[in-house]
> 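One structure, as structure tokens, below. Some questions next.
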Amino acid sequence: MMYGEQRRAVLQLVGLGRTFPGPPPIEALHPSDLTVHGGEYLAITGPSGSGKSTLLHLLGLLDRPTAGQYLLDGNDTAHLRERERSSLRANNIGFVFQSFHLMPHRSAAENVELAMLYNRSPRGSRRAAAEDALRQVGLAHRIDARPNTMSGGERQRVAVARALVNRPSLLLCDEPTGNLDSANSHSVMEQLGKLHAEGYTIIVITHDPGVAALAQRVVEIRDGYLIEAGALGF
Amino acid sequence: MSRRQSPRLPSTRLGIRDAFREALVGGLQRPGRAILTMLGTILGVGAFVAVLGLTSTASGQVSKQFTVLQATTVSVVDRAAADSLNQAGSADNGTLSRPPISFPPDADERIQRLNGVEAAGVWWTVPLGDAGIRSSRTGYPDGEGLKVYAATPGAIAAMEVTVTAGVGLDTFMEKSGQRAVILSNAAATRLGVRNLQMQPAVFLNDLPYTVIGLYSDVRRNSEVSLGALIPTASAVRDFGNPDPGQMPATMVISTRVGAAQLVASQAPLALRPDHPDTLVAVAPPDPHSLRDSVSGDLTGLFVALAAVSLTIGAVGIANTTLVSVLERVGEIGLRRSLGARPRHIAAQFLIESLVTGTIGGLVGTSLGVIVVIAVAASRHWTAIIDPAITLPAPVLGSLVGLLAGLYPALRAANINPIAALRS
């Protein structure tokens, strides 16, 4: 995912669609095409009910499409078995959720370590990797802190550290500032900006135009249709 | 469309150590609840161990007492007399028509010669008339209901009668047919006999008998402990042969431990070599089968109770684990997003309930053993703790935990990650 690989397509949607059977059947995502290259910082924006969540779940391999192809790092995910999709989730995708999803009884480092529980990371190296990731998001001093002693911005940065600790090819952020005040939102978005500068491929799904404006490229989703809003000099 | 093989994608896995660590951390997030959840298993397994331990301890104790008294007691009944009663078809044929005693006059000595006999003698209920026993010939019938027994010195020794005042009935009185009586404390109180110095007399069918002694405890044939005893020779002379309708002449034999069965088989022949069939020897029940039946009955009942407690424990664990699953839906969604497969989620919750059950089983076993030891110590019993029950008992807790965790674990594994992440 580093600079040298930036032109490689990390993610490719070819006619990807999702219809919920109903009744009545609902075409939440009309067949769409999208290509995201390594190192890109993409915002997917749209009002609520537009199909953002459906797209997020498809991109995060939490749901299966009813039409088209989704290639992640060259793997045609639609035809993978569940164990292979789990493997991709564990190694190739880092999730950042609106509600952080941190374990309240565990320290920041332990929360980050959780991301290495299922992907065969050697037990002995997890702690060091978690501390590195926390340092990377500017939380070197909060390694042993519990989430309930942290500000919202710090919590979300712990979640970002957890998402990037496995060095995934895609950071998938779902409304990362949705639960934050403006100061904390700013710190988190700044963090994402830094990671983009370091070469991470980032997709932010948001309904907030301010957050979307920070991305390099914006794709709009409206009534289940994906519309390229404009490339900003990529 | 064919599946595209992806050999580059290694399956996610959850190591055993990681799984146990996650389960422990998850289970201990709410220590109070974890302890309450364990309580059912603790009580169930504890009850199981305590009940089985106490049953074997108590039945060991019970059998000890049975063996001392029952296992060393043989009685020989005069069957000929009883048969003649049945043929006559009436309980009272008058003094003269009562059947003779089948025991020979030297019955006590004959039996004493058998190996294993400690003491033996003949006794029966004296068939008194309406006058019964009373303290004065003309006064109020203060002895009404009191029974008078005729007994040889051998019988009195075999019954283990404890004389508390005066003297007992000895061979001289028996041979010479003295009108002497010894009273139980209960009878003495009823008849107003307090002081033996004055040589008080009581009246049996208006015949005066001198009270020469008092007795209290009677270990064998405890009914005697509420009556009075007179020599058999006096009884036959003054009141005739025993009335089989009340009680035929019977011999009580006190044997050494383990000799009862043998003595019982030999007694009729030793007493009446000419007509051994006129006497019937009754041996005590085999102590082993007695103990087994006692402990068997009790154990069955209490194990059923322990099983009920365990079932309640299992329902408790199942319920709490299910609540925990529902509370931690968000965590389940997160774990799925981090690469956990449904089986990893199921394993985590299953191990959590397994650990809960196992800890409950260990604590319950310890408590059960403590209860058995404490009860045994307070009663001065020997605690009997069977390793065959105590050692596998914690496994019972594990089993309960595992079974109780199955349904919640399957529920957790089947939770849709999308819905879970929304929660």
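Lettering follows sequence order; numbering is per chain, from 1. All of these numbers come straight from a predicted model, not from anything done at the bench. Only heavy atoms go into these numbers, but all of them, side chains included; no hydrogens, no water, no symmetry mates.
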> Under a 4.5 Å heavy-atom cutoff, which of B:G15, B:G333, B:P417, B:S337 has the most pairs with chain A?
B:S337
> Check A:L88 against A:T77 and note the closest heavy-atom contact, atom names and distance.
CD1-CG2, 3.8 Å
> Before accepting this row, confirm whether a basic side-chain N of the pair A:D174/A:K52 lies closer than 4.0 Å to the acidic partner's carboxylate O.
no
> Can you give each donor-acceptor pair under 3.5 Å made by side-chain atoms of residues 387-395 of chain B, sequence neighbours left out, with the distance rounded to 0.1 Å?
{"from": "B:T390", "atom 1": "OG1", "to": "B:D386", "atom 2": "O", "distance (Å)": "3.0"}

> Between B:R343, B:E331, B:R17, which residue shows the highest count of heavy-atom pairs closer than 4.5 Å to chain A?
B:R17
> So which of A:D63, A:L114, A:N119 has the largest heavy-atom pair count under 4.5 angstrom toward chain B?
A:L114
> Are more than 12 heavy atoms, taken from residues, nucleotides or ligands other than A:D223, located less than 6.0 Å from that residue's CG atom?
no
> Only heavy atoms, only distances under 4.5 angstrom. Which residues in residues 89-111 of chain A are near chain B?
A:R89, A:A90, A:F95, A:F97, A:H101, A:M103, A:H105, A:R106, A:E110
> Heavy-atom distances under 4.5 Å only: say whether B:R328 touches chain A with side chain, backbone, both or neither.
neither
> Is chain B contacted by the side chain of A:R162, its backbone, both, or neither, given a heavy-atom distance below 4.5 Å?
side chain
> Determine whether a donor-acceptor pair (N or O, by modelled atom type, separation under 3.5 Å) exists between the side chain of A:H207 and the backbone of A:T45.
no
> Does B:R336 pair with A:E82 as a salt bridge, N-O distance under 4.0 Å?
yes
> Please say whether more than 12 non-hydrogen atoms of neighbouring residues, nucleotides or ligands are located less than 6.0 Å from CZ in A:R120.
yes
> Report yes or no: do A:S121 and A:R126 form a side-chain donor-acceptor pair below 3.5 Å?
no
> May I have the step-by-step check of salt bridge (charged side-chain N to carboxylate O under 4.0 Å, His left out) for B:D18 and B:R21, ending in yes or no?
CA-CA 5 Å; B:D18 283 332; B:R21 191 175 168 278; 6.0 Å; no
> I need the residue from A:R123, A:R85, A:H57 with the largest number of non-hydrogen atom pairs under 4.5 Å to chain B.
A:R123
